[in-house]
Amino acid sequence: MKLTLHEIAHIVGATNNWSELADTEIHNIEFDSRKIQGGDLFLPLKGARDGHEFIDTAFAQGALATFAEQEVAQPHLRVEDCLEAFQKLAQYYLEKTAVEVIAVTGSNGKTTTKDMIHAVLSEKYKTYKTQGNYNNEIGMPYTILHMPDDTEKIVLEMGMDRLGDIDLLSKIAKPRIAIVTLIGESHLEFFGTRDKIAEGKLGIKAGLRSGGELIVPADKIINKYLPADTKITRFGPDEDIFVTQLIEHKNQLSFTTNFLDEEITIPVPGKFNATNAMLAAYVGTLLDVEEDDIRHALSHVSLTRNRTEWKKASNGADILSDVYNANPTAMKLILETFQAIPKNEGGRKLTVLADMLELGDQAPELHASIAAAIDFSKMDHVYLYGDLMKYLLAELPEDKVSYFGNLEQLTEELQSTLQPQDQLLLKGSNSMKLGTIVEELQN
Ligand code: ATP
Ligand code: MG
């Protein structure tokens, strides 16, 4: 970032006398005082503790100035609300640099789609993206203010905890292209209904530039939230854009689309990733990336850690680890993917399913509904873990399923039963800690 203190003070409407530093150029802003380096601007935010408590540390680390909501001894820009100032600054910086924004929201697939779009656009443009999961009212401005100076396009992930969150993020970012990957069931606990989730996610239209394009799933639930005067592209079977001829291999997927000439292959499993990749390919065509370059980028794409990934157990067994998060849509899709893969010679197909959290009142029936996606002609045994999985337990044949209330016991059971030829799928919410089983099996 390259902004003078004068410019920053003007944009955020600083009310004090900051003029002695006016012409100084600021290159970096941090809200974690430990990350401050010489010449940086500090941003005290209110979290578990009040960031103002760390202003001294920030200056000890070399901060040149700080934002502040109260009088402080050090050089500062006095504002009413530091977070709001940060957001205003990010919005201004995007406008000033004229970097074009591609925004991605949705119940699942945000990070993956964002990573894939970034890969595709990087073939033609200097492209930056949300690092990891920095997708909220703090993380998104942070991403914007940390993009390299030569950035031409930025792909921003937008996450939500409350209605209105995506609205705000979209108004800051003013995307040229806005994508909703999925209206799923995650967050049902806080939103009550899928309809409310749809309303929240469609907040992404709030800041869409005129002449921009909104890309949404063909899901009736969003219809009433679609803007009238905007180019809307729907994806899904027989819609504006869609995946055809999807072929799943163990470590990769191939598919064609209705808008590119040739087949795309991506080095990641999971049916849903074909949709994510198709969306990335479509954004590439919208922004004039050559088809060959799109295919090339997607054939090399790598995902943010812990998303759907094949790993090897120490005894040689194959592990399909999808332990980052879980909701009914994704759980059913990964089961389809796993069941479609041929068994290894003499090996079994085993699956560990753990609770899907944050589903609210509908959690029992949503867990039970997974039974319909399990095909015991293609699966030998299912291990269930967690209180909510008792609802699925009741739906499955007794001799094909084992229930565990305890992670250590489940880990021990798997360690003793897993044979080198076996294939094991693990899926559950992040806080169910299935990742620790994967690690144990690899050691
Ligand atoms: P978060 O809300 O934590 O930021 P996210 O929306 O960024 O999640 P990803 O990190 O891309 O989502 O993917 C998380 C998991 O969601 C994947 O491991 C996979 O199981 C599932 N998933 C990914 N893409 C899709 C999709 N298009 N539809 C349904 N499920 C998906
Ligand atoms: Mg994410």
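A quick note: this is a predicted structure, and the numbers were derived from the prediction, not measured.
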Quiz prompt | For K224, all residues meeting salt bridge (Lys or Arg N to Asp or Glu O under 4.0 Å), sequence neighbours excluded | solution = D195

Quiz item: Do N133 and T111 meet the criterion of a side-chain donor-acceptor pair at a distance under 3.5 Å?
Solution: yes

Quiz item: So how far is it from W310 CH2 to L424 CG, rounded to the nearest 0.5 Å?
Solution: 9.0 Å

Quiz item: Under the criterion side chain to side chain contact (heavy atoms under 4.5 Å, CB included), which of L392, I370, D355 is the partner of L384?
Solution: L392

Practice problem: Give the C-alpha distance, both sets of side-chain angles, the deciding distance and a yes or no for side-chain contact (heavy atoms from CB on, under 4.5 Å) between N108 and F272. | Solution: CA-CA 9 Å; N108 291 99; F272 38 80; over 6 Å; no

Quiz item: More than 12 heavy atoms of other residues, nucleotides or ligands under 6.0 Å from NZ of K343: is that the case?
Solution: yes

Quiz item: Any side-chain donor-acceptor pair under 3.5 Å between T181 and T113?
Solution: no

Self-check item: Heavy-atom pair of closest approach, residues Y93 and K2
Solution: OH-N, 3.5 Å

Practice problem: Would you check if the side chain of S107 reaches a backbone N or O of G184 as a donor-acceptor pair within less than 3.5 Å? | Solution: yes

Quiz item: Is there a donor-acceptor pair under 3.5 Å between the side chain of H146 and the backbone N or O of I29?
Solution: yes

Quiz prompt | ring pair (Phe, Tyr, Trp, His ring centres under 6.0 Å) evaluation trace for F54 with H52 | solution = CA-CA 5 Å; F54 299 97; H52 289 81; over 10 Å; no

Quiz item: After noting the C-alpha distance and the side-chain angles of E263 and T265, does the key distance pass the side-chain contact (heavy atoms from CB on, under 4.5 Å) rule?
Solution: CA-CA 7 Å; E263 184 181 74; T265 298; 4.1 Å; yes

Exercise. Would you give the length of the straight line joining atom NZ of K390 to atom OH of Y385, rounded to the nearest 0.5 angstrom?
Key: 11.5 Å

Quiz item: Quick one: do the E213 and T233 side chains pair a donor with an acceptor below 3.5 Å?
Solution: yes

Quiz item: With side chains defined as the heavy atoms from C-beta onward, is the minimum distance between L359 and P328 less than 4.5 Å?
Solution: yes

Quiz item: Is the shortest heavy-atom distance from the side chain of V180 to the side chain of P217 under 4.5 Å?
Solution: yes

Quiz item: Is the side chain of H296 donor-acceptor paired with the backbone N or O of D292 at a distance under 3.5 Å, no angle test?
Solution: no

Exercise. State, to 0.1 Å, how close F376 and P397 come at their nearest heavy-atom pair, and which atoms those are.
Key: CE1-CD, 3.7 Å

Quiz prompt | Gap between atom CG of D50 and atom CG of L45 - 0.5 Å precision | solution = 9.5 Å

Quiz item: If we only count heavy atoms from C-beta on, is the T436 to L434 side-chain gap below 4.5 Å?
Solution: no

Self-check item: Side-chain (D322) to main-chain (L426) donor-acceptor, under 3.5 angstrom
Solution: no

Quiz item: Could you state the interatomic distance from CG (L357) to CG (N327), rounded to the nearest 0.5 Å?
Solution: 11.5 Å

Practice problem: Please confirm whether K196 makes a cation-pi placement over F191, using NZ or CZ under 6.0 Å from the six-membered ring centre and within 45° of the ring normal. | Solution: no

Practice problem: Could you tell me whether the side chain of E291 and the main chain of D261 form a donor-acceptor pair under 3.5 Å? | Solution: yes

Quiz item: Between Q61 and I36, is there a donor-acceptor pair closer than 3.5 Å when you use the side chain of the first and the backbone of the second?
Solution: yes

Quiz prompt | For the student: nearest non-hydrogen atoms of F42 and A58, plus distance | solution = CG-CB, 3.5 Å

Quiz item: Among all residues two or more places apart in sequence or in another chain, which pass the salt bridge (Lys or Arg N to Asp or Glu O under 4.0 Å) test with D81?
Solution: none

Practice problem: Evaluate the criterion ring pair (Phe, Tyr, Trp, His ring centres under 6.0 Å) for residue pair Y134 and Y142; output intermediate values, then yes/no. | Solution: CA-CA 8 Å; Y134 260 43; Y142 186 89; 5.4 Å; yes

Quiz prompt | Distance in Å, L83 CG paired with L43 CG, rounded so as to fall on 0.5 Å steps | solution = 7.5 Å

Quiz prompt | CA sep, side-chain torsions, deciding dist, call: Y383, L353, side-chain contact (heavy atoms from CB on, under 4.5 Å) | solution = CA-CA 6 Å; Y383 298 85; L353 299 177; over 6 Å; no

Quiz item: Can you name the closest pair of heavy atoms from A317 and Q419 and give their distance?
Solution: CB-O, 3.4 Å

Quiz prompt | Neighbour count above 12 (heavy atom, 6.0 Å) for E395 CD | solution = yes

Quiz prompt | Main-chain N/O of G386 paired with Y403 side-chain donor or acceptor, under 3.5 Å | solution = yes

Quiz item: With no hydrogens and no angle check, do the side chains of E248 and T337 hold a donor and an acceptor under 3.5 Å apart?
Solution: yes

Exercise. Applying side chain to side chain contact (heavy atoms under 4.5 Å, CB included) between N135 and each of M160, K114, K110, report the one that passes.
Key: K110

Quiz item: Does the pair D288/K124 count as a salt bridge with the N-to-O cut at 4.0 Å?
Solution: no

Practice problem: Return the set of residues passing side chain to side chain donor-acceptor pair (under 3.5 Å) with E69 (not counting sequence neighbours), or none when no residue passes. | Solution: K46

Practice problem: Determine the minimum heavy-atom distance between A313 and L418, stating which atoms define it. | Solution: CB-CD2, 4.0 Å

Quiz item: Are K349 and D380 close enough for a salt bridge, meaning some N to O gap below 4.0 Å?
Solution: no

Practice problem: Check the pair I341 / Q423 against side-chain contact (heavy atoms from CB on, under 4.5 Å), numbers first and verdict last. | Solution: CA-CA 10 Å; I341 295 160; Q423 292 167 301; 3.6 Å; yes

Quiz prompt | Residue list, ring pair (Phe, Tyr, Trp, His ring centres under 6.0 Å) with F242, at least two apart or on another chain | solution = none

Exercise. Identify whether the distance between the nearest side-chain nitrogen and carboxylate oxygen of R176 and E100 falls below 4.0 Å.
Key: yes

Practice problem: Using a strict 4.0 Å threshold on nitrogen-to-oxygen distance, state whether K332 and E336 make a salt bridge. | Solution: no

Quiz prompt | Backbone of L441 reached by a side-chain donor or acceptor of S314 within 3.5 Å | solution = yes

Self-check item: Atom pair CG/CG of L253 and L298 - distance to nearest 0.5 Å
Solution: 11.5 Å

Quiz item: Do side-chain atoms of Q37 reach the backbone of K35 as a donor and acceptor pair under 3.5 angstrom?
Solution: no

Quiz prompt | Presence of salt bridge, D318 and K311, under 4.0 angstrom | solution = no

Quiz item: Are T127 and I154 side-chain neighbours, meaning at least one heavy-atom pair lies under 4.5 Å?
Solution: no

Quiz item: For E345, what residues pass the side chain to side chain donor-acceptor pair (under 3.5 Å) criterion, not counting sequence neighbours?
Solution: none

Quiz item: Do the side chain of T105 and the main chain of M158 share a donor and acceptor less than 3.5 angstrom apart?
Solution: yes

Self-check item: Those residues that, when tested against D293, pass side chain to side chain donor-acceptor pair (under 3.5 Å) (two or more places apart)
Solution: none

Quiz item: Centroid-to-centroid, Y282 to F259, below 6.0 Å?
Solution: yes

Quiz item: What's the shortest heavy-atom distance between L169 and G159, and which atoms?
Solution: CD1-O, 3.8 Å

Quiz item: Does R194 pair with D219 as a salt bridge, N-O distance under 4.0 Å?
Solution: yes

Quiz item: Is there a donor in the side chain of D165 and an acceptor in the side chain of N136, or the other way round, less than 3.5 Å apart?
Solution: no

Quiz item: Have N28 and D40 got a donor and an acceptor in their side chains that come within less than 3.5 Å?
Solution: yes

